[in-house]
Amino acid sequence: MNPTPPPPDWPALSDQEVVRQAAAGREAAYREIIRRYQRPVYSLIFRMVRNRELAEDLAQDTFIKMLNAINSYRPEYKFSSWIFKIANNAAIDQLRRRELDTLSLDGSPHAIDAETIEATTLQIGSDQESQLDEVASKELGTQIEHAIAQLRPEYRNCILLRHVEGRPYEEIAEILDLPLGTVKTYIHRARNELRMLLSDTREG
Amino acid sequence: MNAPILQHLTADELDALLDGAGSARVTSHLETCATCLAMVEGDRRLVGALSALPALDPTPGFADRVMARVTIAPVVSPAAVVAATPRSIAARRRAFGGSLFAGTSLVAAFAWAIANPAAALNTVTPAFQGLWASLQQLMTSGSAQSWSAQLVGAFGSPSKMLFALVAVSGLYVVALTGFHRLLTDPVPDANW
Ligand SMILES: [Zn+2]
């Protein structure tokens, strides 16, 4: 009989090692994965769908789906890419289902109509109050949250992954299944739009 | 050759600048172009503010709610299959030894059969003889045409050697393939 190995120093382990432990059936490894990724995953989804309850449900679904398929994870990919991919797909599916954002057919940067902007802003103003209270301490932060909400979804996830989550371009391309050039273009355009939206706010 | 100073910054140059790397062209262009300078300063402020946005927490008990719907029991997986192949050096040596032994035995038997065809036939082919006799009968009775006669001629006595050769080579290939598979890690499913 082998003696039970001592519990690993979870925070010190790499993602790959934690996943290996999870695949071997250790519950603590599952919980370590949740601990590491619940904030970035929930933050990304919340900033995509702008609804706290919905974001929580989608984040939960993301983890359940990913953890139940932990044995199919391929270590040659970055683990964070895998989980962000599942999270982003969940958010995008939800946006499409609810038609919160309508993609413009003419490629206009202002992809969502005024009514949607108003609805989204109202939502941020009411049931997202407590979430955004932490943010509201900085006026610029609040303005940026509102500006991000007005970007079209494919710009929104790019700018969030790049400048909020700090992911490199290559990983974003992998997460979103987009060519690297497209990712760069989207991020560049998203920054231009945000700059304009913020200067409008300041002038207005 | 660098782009002229007069040309506005490209998206790549702007990215490099935001990452803290700017070429001499970029620096001198920014000294002369208010439009690009305003864009760079705006982007710097924006990127700083974006990266300062707080990470948001789901409600307490999130992990427990997730775990309540997760099945921990490890299922049969590519990882389990990988684990089942001999990975230790000793196990691989045994597998290699087995493969070498099987291969050498088969080659030796084949060489001996070439050198002693009559003895080989007596040893190896009693099982084939019945089959061969009925096959021969079928060919001669079935047709008297020249192709069948040629076939019978070609397969007369050495044909039984051909049977032995094919059978032995087949066994050898099967043994090698089997041991090769044993010694090679299977590739996990590409399913995401
Ligand atoms: Zn310029």
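The figures here come from the full heavy-atom set of this structure, side chains too, leaving out hydrogens, waters and symmetry mates.
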Taking the six-membered ring of A/Tyr155 as reference, does the cationic atom of A/Arg152 (NZ for Lys, CZ for Arg) lie under 6.0 Å from its centre and within 45° of its axis? yes

Identify the two heavy atoms, one from A/Tyr30 and one from B/Ile72, that lie closest to each other, and give their separation to 0.1 Å. OH-O, 3.5 Å

Any donor and acceptor pair, going by atom type alone, linking the side chain of A/Arg167 with main-chain N or O of A/Leu161 inside 3.5 Å? no

Check whether A/Ile148 gets within reach of chain B through its side chain, its backbone, both or neither, counting any heavy atom under 4.5 Å. side chain

At what distance, to the nearest 0.5 angstrom, does CG of A/Asp93 lie from CG of A/Asp61? 11.0 Å

Under 4.5 Å from a heavy atom of chain A, the part of B/Asp64 involved: both

Can you tell which part of A/His188 gets under 4.5 Å to a heavy atom of chain B, answering side chain, backbone, both or neither? side chain

Pick from B/Leu18, B/Asp12, B/Val70, B/Leu14 with the largest number of heavy-atom pairs that fall under 4.5 Å of chain A: B/Val70

What is the ring orientation for A/Phe46 with A/Tyr42, classed by angle as parallel under 30°, tilted 30 to 60°, or perpendicular over 60°? parallel

Interface moiety of A/Arg162 toward chain B, non-hydrogen atoms closer than 4.5 Å: side chain

Given a strict heavy-atom distance threshold of 4.5 Å, which part of A/Ile144 is in contact with chain B: side chain, backbone, both, or neither? side chain

